[in-house]
Amino acid sequence: MKSALHNMNPSVKFLIITICMFTLAFFFNPWTPLIVWIGVLLVQLLFSRINWKVWTLFMIPFVIMAFGYFWTTLVFAEEKTGPVVWTILNMEIREVLLNHALALSFRVLAFSGLSLLFALTTKPVSFILSLMQQMKLSPKIAYSILVGYQFLPVLKDEFVQIQQAHRLRGATQKGNIITRLLNMRKILLPMLAGAVRKSERAAFAMEARGFTGEKRTSFYHIIGIGKLDVYMAALFLMLLIVSCASSSFI
Amino acid sequence: MSDVIQFIDVSFRFPDEEKVILDHLSFSVKAGEKVVITGPSGSGKTTLLYLCNRLYPENCDGVMNGSLKLFDKESSKYAPGEVNHKIATVFQDPDAQFCMMTVEEELAFTLENLNIPREEMDGKIAAVLELTGLTDFRNAVIQQLSGGEKQRIATACALIMEPEVLLLDEPISHLDPYTGKKFISWLDELQQERALTVVAIEHRLDLWDGFFDREIVLESTNRVNELMTRESSIQGSQSLYVEAVHNDSFLKPVSFHLQKGEVAVLAGPNGSGKSTLLKALCQLIPAKGTVTPDRLGYVPQSPEFLFITKSVRDEIAFGGGTEVETLLERLYLQNVAEAHPFAVSHGQKRRVAIGAMLADGREIILMDEPTSGQDAASLSELYELIDERARQGTTFLIVTHDMEFASAIADSVLLMDEGQLTGKFNAESVWASEDLLTAHHLLKPKGGTPREVCFA
């Protein structure tokens with residue numbers, strides 16, 4: 001049960017999350033996104049083994065952004081009519097405005113919550129494999145991404161080695177962030193040169209293994225769709241319906 | 001016996017170049033033969049191999065004349081990837097020939113490409129792993145394996161296609177001699193079991209010991225002389241003191257001394273901590289212990305990692321040294337002084353790197369694997385560079401797997417195993433001691449021309 005979200009078919013998960021986001025865009029009230037956000041949290045609590053520390057770290061910038069939306073909507077509003085619900089620092093907050101502000105910030109939270117749910121419970125490799133098997137993504141693109149993914153650790157090693165070599169030559173990174181960023185290109189240039197060579201070799205290696213880029217008839221790792229996907233999709237749709245319906249009741 | 005590969009009067013050049021790489025070449029390889037292609041770099045060895053598995057001319061828009069038949073059919077009549085399951089290839093670089101994370105996935109990728117039904121995949125994977133003795137590696141993550149293991153897995157991936165021809169592109173150039181030797185005897189058994197046709201590129205045949213039936217020499221002009229054992233250039237005074245250098249994780253305390261003008265080789269099995277020691281000595285990674293002097297020069301395997309400016313002259317002048325012109329002249333770099341350091345040849349890049357270190361007042365040069373993937377001509381260039389600099393008083397510490405090169409150049413040999421320095425030895429005594437060599441996965445060099453003959 002704790003692994004239901006992780007075991008879900010990635011394409012189905014992707015589709016359902018996209019539907020949720022698309023639907024949310026049509027509802028502009030505080031309750032719909034709030035219910036979705038809380039629902040997403042509950043689903044993750046019940047059906048996933050995600051690392052909540054990582055989740056919190058990723059969530060921090062979105063919370064700041066949400067608060068930013070909330071505050072700027074209140075402070076820079078033109079609206080001067082309607083009942084006053086709250087007075088703070090000589091500022092009169094009107095009901096319509098408060099609703100707008102909350103709707104905006106909860107929307108940020110709901111969108112980021114949905115995205116994080118997908119990102120933290122999906123393995124990149126199975127996502128690509130599933131896109132190829134269920135969504136008819138061309139093997140040419142799918143395998144290019146997979147091969148690129150294998151190169152990440154190699155590139156990281158190279159980055160460290162070049163940094164070390166530059167430090168030896170006394171070309172240490174001094175100054176503010178901007179000069180440091182500009183100096184990065186000196187590290188990136190040799191990496192780029194190396195990457196071009198590597199990618200050519202990788203392409204040759206793929207062709208030498210008989211890779212033609214054509215649709216394949218069989219897969220070793222089958223990423224299937226099962227009952228679990230139906231249940232989880234139903235759960236998400238229910239959450240979506242409840243949250244959308246709430247806008248007309250509350 | 002039928003011809004599996006047949007070149008009839010084949011010429012080849014790259015689209016942007018006037019120079020013809022292969023010039024009216026004719027030869028054929030019969031089924032079951034073991035053929036090696038040799039020649040200096042730039043003679044078209046790799047091009048020839050890529051023509052045999054049909055990666056060229058299509059993928060580089062090269063211009064090919066003449067007739068190239070694979071299994072009695074014109075190579076241009078095959079679709080891309082079609083012939084590759086009959087002619088399988090193992091490439092040179094163990095790091096750049098895998099597409100997937102684990103061994104099992106990599107093998108499955110190959111089978112998927114051939115549209116093998118899923119039910120048969122498991123059996124085929126198990127069978128090829130059994131055949132190649134790699135069953136334990138089935139779920140291993142490829143990037144975490146050693147170079148030797150990766151090369152064996154690349155071979156397994158080639159064999160799972162049940163090919164008739166196996167092409168090898170310098171398969172042992174990244175392996176230590178002992179691992180390389182093991183790879184060769186393993187390949188020999190496989191070849192006999194499967195009656196494979198083997199075509200390999202190799203510029204150093206000393207480890208292969210009569211494996212091949214026939215040698216095809218490309219562009220046999222000016223064969224480089226064998227490296228001669230150099231005369232020692234030790235100049236008496238001590239130049240490098242290393243006392244108890246170690247780090248918290250892997251490196252055990254290491255102490256040794258080197259003299260001015262001494263050329264020392266640091267050798268040991270893959271993963272014994274040689275590169276780690278070099279980095280610890282020049283303080284690239286945190287380490288405890290003392291190194292005098294504290295400024296050492298370091299040339300990584302890819303010298304371009306060091307470059308930060310836009311011309312060779314600026315590169316050497318970067319540290320603020322005053323002898324830039326003298327150094328340019330002494331390292332034969334005047335002609336390319338204004339060129340971008342990335343645009344010069346590999347040998348020149350290495351000269352630039354050494355020049356930059358010397359201009360910085362770093363009189364002791366540590367080199368990480370300068371010999372790997374180099375052909376005879378560039379090895380002899382490297383040899384001369386080191387010899388010349390050592391005579392001027394530079395001290396060298398060189399990590400290499402190439403024992404022929406080591407025996408030609410080294411005054412002394414430092415041996416390492418599992419993060420520990422076994423000791424510093426006189427070069428001659430290491431080559432004489434079977435025990436030391438075996439314990440460090442090294443092979444006795446055949447030896448260059450002895451010193452006496454050099455002076456004759």
Side-chain angles (χ1 to χ4, degrees), chain A residues 123-125 129 132 139 143-154 157-171 183 185-187 189-195 197-222, chain B residues 50 53-55 59 79-82 84-85 87-89 91-93 95-101 104-118 121-122 125 142-143 154 157-158 161 167 279 282-285 296-298 300 302 304-308 318-319 342 356-357 360:
Chain A
K123 279 190 208 141
V125 173
L129 287 178
M132 189 162 51
Y143 279 100
S144 328
I145 299 173
L146 288 177
V147 172
Y149 192 70
Q150 301 307 315
F151 274 120
L152 286 182
V154 180
D157 276 358
E158 225 166 66
F159 186 81
V160 172
Q161 278 187 33
I162 298 173
Q163 254 186 339
Q164 288 175 341
H166 283 189
R167 199 166 352 120
L168 180 88
R169 300 208 56 198
N183 280 331
R185 61 163 199 242
K186 288 177 183 159
I187 296 185
L189 185 65
M191 282 181 75
L192 201 66
R197 281 198 292 267
K198 275 196 205 76
S199 64
E200 192 189 24
R201 268 179 286 181
F204 279 3
M206 284 168 84
E207 191 173 326
R209 295 269 153 76
F211 182 76
T212 51
E214 276 158 33
K215 290 255 166 355
R216 28 192 65 201
T217 52
S218 54
F219 291 96
Y220 185 65
H221 281 293
I222 293 181
Chain B
Y50 285 180
N53 58 15
R54 231 197 137 275
L55 288 175
N59 288 323
E82 187 188 345
N84 294 87
H85 66 100
I87 303 181
T89 315
F91 293 90
Q92 179 181 8
D93 187 351
D95 289 320
Q97 53 178 314
F98 297 104
C99 317
M100 308 296 278
M101 192 94 91
E104 185 185 42
E105 286 168 347
E106 185 69 34
L107 290 165
F109 169 73
T110 315
L111 293 176
E112 286 173 11
N113 289 333
L114 303 180
N115 288 327
I116 305 281
R118 184 170 188 275
M121 286 187 183
D122 245 337
I125 291 175
I142 295 174
Q143 296 296 348
C157 289
M161 300 194 274
L167 304 179
K279 286 182 178 169
C282 24
Q283 298 156 21
L284 290 177
I285 53 173
L296 305 183
Y298 172 71
S302 328
E304 66 247 40
F305 283 5
L306 287 169
F307 299 158
I308 31 196
F318 182 81
F342 279 88
M357 292 299 152
D360 257 6

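Numbered from 1 within each chain, the chains take letters A, B, ... in sequence-line order.
- At distances below 3.5 Å, not a single donor-acceptor pair connects side-chain atoms of B/Thr110 with backbone N or O atoms of A/Arg209.
- Residues A/Ala165 and B/Phe305 approach most closely at CB-O, 3.7 Å, considering heavy atoms.
- Heavy atoms only, all atoms of each residue included: B/Lys279 and A/Gln161 are closest at NZ-CG, 3.8 Å.
- Proximity to chain A (any heavy atom under 4.5 Å) is restricted, for B/Leu296, to the backbone atoms N, CA, C and O.
- Put simply, of A/Leu146, A/Thr212, A/Thr217, A/Leu168, the one with the most heavy-atom pairs under 4.5 Å next to chain B is A/Leu168.
- Between atom CD of residue A/Glu207 and atom CG of residue B/Asn113 there is a gap of 10.5 Å, rounded to the nearest 0.5 Å.
- Proximity to chain A is limited to the side chain of B/Asn59, based on heavy atoms less than 4.5 angstrom apart.
- Residue contact with chain A, scored on non-hydrogen atoms closer than 4.5 Å, involves the backbone and the side chain of B/Tyr298 alike.
- With a 4.5 angstrom heavy-atom cutoff, B/Met161 touches chain A only via side-chain atoms.
- Per-residue counts of heavy-atom pairs under 4.5 Å with chain B were compared for A/Val147, A/Val154, A/Ile162, A/Val125; the largest is that of A/Ile162.
- In this structure the side chain of B/Gln97 never reaches within 4.5 angstrom of the side chain of A/Arg201, judged on heavy atoms.
- Closest non-hydrogen pair, A/Arg167 versus B/Gln283, comes out as NH1-O, 4.3 Å.
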Q. Are A/Glu158 and B/Ser302 close enough, and set up right, to give a side-chain contact (heavy atoms from CB on, under 4.5 Å), and what steps lead you there?
A. CA-CA 10 Å; A/Glu158 225 166 66; B/Ser302 328; over 6 Å; no

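- Atom-to-atom distance recorded for B/Phe307:CZ and A/Lys186:NZ is 14.5 Å, nearest 0.5 angstrom.
- Under the side chain to side chain contact (heavy atoms under 4.5 Å, CB included) criterion, A/Ala203 pairs with no residue, sequence neighbours left out.
- Of the listed residues (B/Asp360, B/Ile142, B/Asp122), the greatest number of heavy-atom pairs within a distance under 4.5 Å of chain A belongs to B/Asp122.
- When each of B/Glu105, B/Arg118, B/Glu104 is paired with A/Tyr220, the side-chain hydrogen bond (donor to acceptor under 3.5 Å, both in side chains) condition holds for B/Glu104 and for no other.
- Of the atoms belonging to B/Ile125, it is side-chain heavy atoms, and not backbone ones, that fall under 4.5 Å from chain A.
- The most heavy-atom pairs under 4.5 Å with chain A, out of B/Ala79, B/Cys99, B/Ala88, come from B/Cys99.
- Contact detail for A/Ser218 and B/Glu112: the closest heavy-atom pair is O-CG, 3.5 Å.
- Both the backbone and the side chain of B/Met100 come within contact range of chain A, with heavy atoms under 4.5 Å apart.
- B/Phe109 is linked by a ring-ring contact (aromatic ring centres under 6.0 Å, His included) to A/Tyr143, A/Phe211, counting only residues two or more places apart in sequence or in another chain.
- Interface remark: B/Glu304 contributes backbone and side-chain atoms alike to the contact with chain A (heavy atom separation under 4.5 Å).
- Aromatic rings from B/Phe91 and A/Phe204 are positioned such that their centres are separated by 6.0 Å or more.
- Here the CZ atom belonging to A/Arg216 is positioned 9.5 Å from the CG atom belonging to B/Leu114, to the nearest 0.5 angstrom.
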